[in-house]
Asker: 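One structure coming up, written as C-alpha cells, with questions to follow.
From a predicted model like this one, the values you see are computed outputs, not experimental measurements. Atom set for the values below is all heavy atoms of this structure, side chains included, hydrogens, waters and symmetry mates excluded. Sequence lines set the chain letters: A, B, ... in the order given, protein chains first and strands last, and positions in each chain run from 1.
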Amino acid sequence: MHEKYTKPYDASLIENSIYKKWEESGYFNPDKLPGKREESFCIVMPPTNANGKLHAGHGSDFVIKDIIGRYQRMIGKKVLLLPSTDHGGFETQGVYEKNLQKEGRSRFGMSKAQLYDEIYTFVEKNIHNIENDVKKLGTSCDWSRNKFTMQKDIIEKVKDTFIKMYKDGLIYRGNRSIHWNPKFKTSLADIETKFEDKTEPFYYFKYGPFEIATSRPETKFGDKYVVMHPDDKRYSNWKEGDTFEAEWLNGKITGTVLKDEAIDMEFGTGVMTITPWHDATDFEIAQRHGLDYEQIIDLDGRLMDIAGEFSGMKVHIARPKVVEKLKEKGLVTKIEQKHTHAVRVCERTGVILEPQLMEQWFVKMKPLTELALKALKEKRFSFVSKQFEKTFRYWMENSIDWNISRQIAWGITIPAWFKNKGEENEEIIVSNTKPAGDGWKQDTDTFDTWFSSGQWPLLALGYPNNSDFKNFFPTDVMETGRDLVFKWVPKMIMFSLYLTKEIPFKVIYLHGMVLDRKGQKMSKSKGNTLSPLELSDEFGTDAMRMSFIIGNTPGKDMPLTTNKVNAYKKFANKLWNISRFIYSNTENFDFDNFDTSLLEKDQLNKIEELDEFKKDLSKDIDEYRLYLAAEKIYHFIWHELADKIIEDTKDSVISENKDIKNQYLLLKFLHESLKMLHPFMPFITEEIWKDFPIKDKDLLIVEKW
RNA sequence: GCGUGCUUAGCUCAGUUGGCUAGAGCAUCUCGUUUACACCGAGAGGGUCAGGAGUUCGAGUCUCUUAGCACGCACCA
C-alpha cells in the first residue's frame, strides 16, 4: 500500500512534477513519440496575445484543444499541438502606452524605432509568463516549435504575401472613409470597432427654407448640400440641383438640393445636410452625386480653420459653443435633450472614433470571399456547431474591403515606397527593397494584426517549404472562441485558399464565452473575473479542466462557478480513493501474466460492458462531443466502477483467500478508466498510473487507448 | 430591421440519428461513521420539458405558430 494514498488527493503536490516528466519525455514533440505512427494530427493553437494574462476564456481555449490532442495521441497519431503568441498590434501598444503613462512618459517624443524596441522587450518578458501559465493548464503542446508573429522569418513571409496580393490586384491604395482613433492616432477596420449607446441632445436648425436635424452640429461648417428622399411628398416642390440661400454659421451660403434613397423619411425632418469627410454614409452619397468634400476635423480631433473662431477646439468642447452661436442667430428651432443613438467606438480602448477620409491600403475582399464560399459549398471544411455556418456565410456575402494599414509602431511594416511627383501625384512601388533613384520614402504604416494572424496556420507551420508544413498541413481542427467566427476564421480560410489552394483546417470547433455566475460577461471593470490559474491553484488543474467542459455544448456561453469546479475536485479525490482500495487489495498481483481464460461469465460480461462503454466514449470524442464524453466517464468511474464493481467484489478481494479473477477485474477497470479519463484529467491519472502493476510501462500520456 | 441561440427540477445545465419510468452537478430533507473514500454512502422530495397547433404507432427531440430572454449584425443625419 502506497503511503501517498492515505491522504486526500492534493493536486498541488504533484502537478508540477508530472508536467516536468511529460516535458522531459519529449512526447509533446510529434517526432519523439514512441511506436510507429502513420497518421499525423495537428492543431495550430490560436496565438495568445502577448500583452496580458490568461483569463477564463483561455481556460476553455487550451483545455478543449488539449483534450482532443491527448486523445489523438493515445489512439496512435503523430500529434502536434503548436503553441504561439501574437504580437497583438494595436492592443499591445495600447497596453504599453498605459504603462508608459504610469511612469510619466509618453510615446510622443520617442522615435518609432525606440518605441518598437521597448515594446519588443516588454512582450518578450510577457511571452515567458504566458508560457508558464499555459503549462499550468496541462497543455501538451510542443514548446520546441513555439512561434511568435514578430519572428524574422514570419515577418518576411507576411510581407511576401502583401507583395503577391498587390501584384495579383487584390490589394490597392484607396482614399476612403475609415474609422480614425484620434487618441491613438490610427485607423481601424470595421471589426475593431463597436457601437455604444449614447444619450445626447438632438438639435433642429433652420437651414434656409429647410429644417434639418443633427446630433453633431460641430461638423456642419462646410455643409452646403441638403438631401431628401426622392419620394418624400413634403419636399416634392424641390428638385435635384435646385439652389437656395441660407444664413449659416459663417454667414450666407448657397445650398443645393439632392435626392437620395439613403434618406429615412421617418427620421428627424427627413432632410439632412451632409459631411462626407466625417461620415461614411454621407461619403457614399457624395460619391454617388459626384460632389467634392472638405475636411473639418483634424487627426487630433480638433476643428480646422474652416470653423473660424472655433478652430483648434476639440469637437466635444466646440459643440455647445456652436449651438450657442446658432441660437444667437435665431437658427435653433428645437432641441430634444434625450436622443439615444449608437456611436462607433474603438473596441479595445472605448475611444469615440471619427470617420476620416484617408489614403490607406485595402484588401479587395470579393475574390477572396468567393474562394471561401466555394470551399464551404464543397464541404471542404465544417463547423462542429452548424449554426455558425450561417454566420460565416453571411459575413462572406457581406464583407467590405478591408483596411489593413495602421499608423502605429508596433507591427509589421508595410513594404511600400512612395515618391512625391508634385501636386497630389504620388508614385507607389511595392517591394521589400528600396527602389532605385532619389526621393523614395518608405511607408511608415504597419499591418493590421489580423493580416498576419489570418495567415497563421501557414506561417506557424513554416509555409511553404518547411517539413512541418508538408507533414501537418492542412491542420485537423481549428478550435477558438465563437467571437472569432467572422474576425479570424474566414481570414485564415481565404489566405490559405489564395496562397495554397488548400483549406487550413478540416473542422472548426467554436466554443462559447465563459460568463460569471449571473450569466454576465467577465470583465476587469466589473470585478467578476475568474482566473483559470487561481481555479487551478485552489481546486487542481484537473478539476478546473472538467468544469470548463461539462455542461457546455460547443458554441454556447457558460456561467462558471467555483461550486462547479469544487464538484470535480471531489471527483478527483473519489478516484484517488478508488485507486487506494484497488491497489491495497491487489498487492503482488501479476497483471502482465494473468491467464484471462480463468475468467467466468460474470467477469467476462462486465469486461464486455466496459468495451462497449469505451467504444461509445470514443465515438463521442471523435465527433467532438467532449462535454458528453467527460460527463460519461465521470459517471462511469463513480457510479459503475465505485458503486457497482467495487461494491460487488469488495468482500472477495478483502478476504484472506483473495479471488484473483475479481482482482484482475478491478485492475482491468482501473486501467481502462485511467486511460479514458486521461485526456480530461491528465495529472491525477498519470500520478495513479505510476503505481499500476505493469512492468516496463511507459507514461500514461502515450499509453495505447 | 436582419440573423442566431435559448426557454427542461429551487439554481446551472445535459438529453447526439424521434423509442424503456426525462437525467447530472449544486441546493433541500431523512438515515448511516471500528466501512477505499464524510472531498463519503443509502434513500427521499422536487419537472404539464415556455404557451398553442401539427406530423407520427410514438415528440423534450421534427414542422408551424405565439410569447419572453440573450447575443450578433445593420441603421441611427
Side-chain angles (χ1 to χ4, degrees), chain A residues 1 5-6 8-10 190-191 194-195 197-198 202-203 212-217 219-220 223 226-228 260 262-264 266-275 278-282 285 339-344 385-391 393-395 398 482-483 485-486 512-513 515 517-521 539-540 543 546-547 550-553 555-585 616 619-620 623-625 627-632 634-635 638-639 642-643 646-647 650-651 653-654 666:
Chain A
M1 169 68 189
Y5 293 104
T6 57
Y9 176 65
D10 184 349
D190 286 54
I191 57 166
K194 63 178 180 185
F195 286 99
D197 279 342
K198 286 246 173 357
F202 193 52
Y203 307 94
I212 58 162
T214 181
S215 56
R216 297 204 64 188
T219 65
K220 297 287 163 213
D223 292 10
V226 290
V227 195
M228 55 211 73
D260 197 285
I263 301 300
D264 179 357
E266 310 287 315
F267 193 87
T269 60
V271 185
M272 71 170 194
T273 62
I274 55 167
T275 316
H278 301 290
D279 188 288
T281 314
D282 292 3
I285 294 173
H339 170 63
T340 301
H341 64 148
V343 176
R344 214 184 258 271
S385 300
K386 293 286 171 261
Q387 74 261 28
F388 291 117
E389 203 177 297
K390 271 203 163 172
T391 316
R393 191 190 306 273
Y394 178 85
W395 273 86
N398 294 284
R482 64 133 224 266
D483 52 328
V485 62
F486 51 81
M513 306 287 107
L515 308 173
R517 69 178 69 236
K518 290 177 195 153
Q520 294 177 323
K521 276 186 187 166
F539 302 101
M546 286 294 264
S547 67
I550 293 186
N552 184 226
T553 43
K556 208 177 152 185
D557 293 349
M558 171 188 68
L560 182 67
T561 60
T562 51
N563 221 342
K564 186 175 177 188
V565 192
N566 194 41
Y568 300 110
K569 184 187 172 190
K570 288 189 195 170
F571 174 59
N573 195 55
K574 182 74 182 180
L575 178 63
W576 195 246
N577 282 302
I578 288 169
S579 310
R580 170 187 182 177
F581 175 82
I582 294 179
Y583 285 156
S584 60
N585 290 300
D616 183 50
K619 192 161 181 270
D620 283 334
E623 291 166 16
Y624 302 103
R625 289 185 294 269
Y627 58 103
L628 259 188
E631 199 167 341
K632 280 180 183 171
Y634 170 94
H635 201 262
W638 202 309
H639 300 294
D643 291 354
I646 288 186
E647 288 305 322
K650 196 181 242 176
D651 296 340
V653 294
I654 290 176
L666 287 170

Asker: What is the nucleic acid contact for A:T561, judged by heavy atoms within less than 4.0 Å: base, sugar-phosphate only, or nothing?
Answerer: nothing
Asker: Considering every strand and a 4.0 Å limit on heavy-atom distances, what is the contact class for A:D620: base, sugar-phosphate, or nothing?
Answerer: base
Asker: Any chance the side chains of A:D197 and A:T340 put a donor and an acceptor closer than 3.5 Å?
Answerer: no
Asker: Whether A:K556 contacts B:A14 is assessed here as follows: a side-chain N or O lying under 4.0 Å from the phosphate OP1 or OP2. Is that the case?
Answerer: yes
Asker: Using the P atom as the reference point in each nucleotide, state the distance between B:U33 and B:A38 in Å, no decimals.
Answerer: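 It comes out at 14 Å once rounded to the nearest Å.
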Asker: Whether A:K570 contacts B:A38 is assessed here as follows: a side-chain N or O lying under 4.0 Å from the phosphate OP1 or OP2. Is that the case?
Answerer: no
Asker: Using the C1' atoms only, state how far B:C20 lies from B:U30, rounded to an integer number of Å.
Answerer: 30 Å
Asker: Consider the side chain of A:D643, meaning its heavy atoms from C-beta on, and name the nucleotide among B:A42, B:C75, B:A77 that approaches it most closely.
Answerer: B:A42
Asker: Using the C1' atom as the reference point in each nucleotide, state the distance between B:G3 and B:A74 in Å, no decimals.
Answerer: 10 Å
Asker: Could you tell me whether the phosphate oxygens of B:G41, OP1 or OP2, come under 4.0 Å of any side-chain nitrogen or oxygen in A:K574?
Answerer: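 So the side chain of A:K574 is within the cut-off, an N or O lying under 4.0 Å from OP1 or OP2 of B:G41.
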Asker: Using a 4.0 Å heavy-atom cut-off across all strands, classify A:R393 as base, sugar-phosphate, or nothing.
Answerer: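 Here A:R393 touches no strand at all.
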Asker: Reckon A:H341 has a side-chain N or O less than 4.0 Å from the OP1 or OP2 of B:A77?
Answerer: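 For A:H341, the contact criterion (side-chain N or O under 4.0 Å from OP1 or OP2 of B:A77) is met.
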Asker: At under 4.0 Å between heavy atoms, what does A:T391 touch on the DNA or RNA strands: base, sugar-phosphate, or nothing?
Answerer: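 Answer is nothing: A:T391 stays at 4.0 Å or more from every strand.
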Asker: In sequence, state the C-alpha distance, the side-chain angles, and the governing distance for A:K220 and A:D223, and then conclude on salt bridge (Lys or Arg N to Asp or Glu O under 4.0 Å).
Answerer: CA-CA 5 Å; A:K220 297 287 163 213; A:D223 292 10; 3.3 Å; yes
Asker: Classify the nucleic acid contact of A:P559 as base, sugar-phosphate or nothing, counting any heavy atom under 4.0 Å across all strands shown.
Answerer: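 The answer is sugar-phosphate, as A:P559 gets under 4.0 Å only of primed atoms, P, OP1 or OP2.
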Asker: Taking any heavy-atom pair under 4.0 Å as a contact, classify A:T281: base, sugar-phosphate, or nothing.
Answerer: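 Result for A:T281 = sugar-phosphate.
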Asker: Using a cut-off of strictly less than 4.0 Å, decide whether A:T275 has a side-chain nitrogen or oxygen near OP1 or OP2 of B:A77.
Answerer: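 So the side-chain polar atoms of A:T275 never come under 4.0 Å of the phosphate oxygens OP1 or OP2 of B:A77.
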Asker: RNA chain B: A:G268 or A:K194, which has the more 5' nearest nucleotide?
Answerer: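 Mapping each residue to its closest nucleotide by heavy atoms, the 5'-most match is A:K194.
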Asker: Using atom types as modelled and distance alone, determine if a side-chain donor or acceptor of A:D643 lies under 3.5 Å from a backbone N or O of A:E647.
Answerer: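 Not a single qualifying donor-acceptor pair exists.
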Asker: So what does A:I263 hit on the nucleic acid, given a heavy-atom distance under 4.0 Å: a base, only sugar-phosphate, or nothing?
Answerer: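 It contacts base atoms.
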Asker: Would you tell me if any nitrogen or oxygen in the side chain of A:W638 comes within less than 4.0 Å of OP1 or OP2 on B:A36?
Answerer: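 For A:W638, the contact criterion (side-chain N or O under 4.0 Å from OP1 or OP2 of B:A36) is not met.
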Asker: Considering only the C1' atoms, how many Å lie between B:C11 and B:G51, rounded to the nearest integer?
Answerer: 23 Å
Asker: At 4.0 Å (heavy atoms only), tell me whether A:I654 reaches a base, stays on the sugar-phosphate, or touches nothing.
Answerer: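 Since only primed, P, OP1 and OP2 atoms lie under 4.0 Å of A:I654, the category is sugar-phosphate.
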Asker: What's the gap between B:A67 and B:G15 when it is taken at their P atoms, as a whole Å value?
Answerer: 28 Å
Asker: Any base atoms under 4.0 Å from A:W395, or only sugar-phosphate, or nothing? Heavy atoms, all strands.
Answerer: sugar-phosphate
Asker: Whether A:Y627 contacts B:A24 is assessed here as follows: a side-chain N or O lying under 4.0 Å from the phosphate OP1 or OP2. Is that the case?
Answerer: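 Answer is no, no contact under 4.0 Å.
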Asker: Roughly, in whole Å, what's the span from CD in A:E266 to C1' in B:G1?
Answerer: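 Interatomic distance, CD of A:E266 to C1' of B:G1: 13 Å.
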Asker: Just call it for A:D264: base, sugar-phosphate, or nothing, with non-hydrogen atoms closer than 4.0 Å on any strand.
Answerer: base
Asker: How would you label the contact of A:E647 with the nucleic acid (heavy atoms, under 4.0 Å): base, sugar-phosphate, or nothing?
Answerer: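 Contact class for A:E647: base.
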Asker: Show the nearest heavy-atom pair for residues A:T391 and A:V485, with the distance to one decimal.
Answerer: CG2-CG1, 4.1 Å
Asker: For atom P, what is the distance between B:G60 and B:G23, given to the nearest Å?
Answerer: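 Comparing P positions in B:G60 and B:G23 gives a spacing of 13 Å.
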Asker: Rounding to an integer number of angstrom, what distance separates B:C49 and B:U21 when you compare their C1' atoms?
Answerer: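 About 15 Å, rounded to a whole number of Å.
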Asker: From the list B:C71, B:A77, B:A36, which nucleotide is the closest neighbour of the side chain of A:F202?
Answerer: B:A77
Asker: Could you write out RNA chain B as a dot-bracket string, with dots for unpaired bases, | for bases paired across to another strand, and Watson-Crick or G-U pairs counted at under 3.5 Å?
Answerer: (((((((..((((.....[...)))).(((((.......))))).....(((((..]....))))))))))))....
Asker: Report yes if at least one side-chain N or O of A:S215 is closer than 4.0 Å to OP1 or OP2 of B:A77; otherwise report no.
Answerer: yes
Asker: Classify the nucleic acid contact of A:Y634 as base, sugar-phosphate or nothing, counting any heavy atom under 4.0 Å across all strands shown.
Answerer: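 Counting heavy atoms under 4.0 Å across all strands, the contact made by A:Y634 is with sugar-phosphate only.
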Asker: Does A:A642 reach a base, just sugar-phosphate, or nothing at all? Heavy atoms under 4.0 Å.
Answerer: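 Contact class for A:A642: base.
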Asker: Output yes when at least one side-chain N/O atom of A:K564 is less than 4.0 Å from OP1 or OP2 of B:U12, else no.
Answerer: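 Checking B:U12 against A:K564, no side-chain N or O comes under 4.0 Å of OP1 or OP2.
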Asker: How far, in whole Å, is B:C69 from B:U8 if one measures between their P atoms?
Answerer: 15 Å
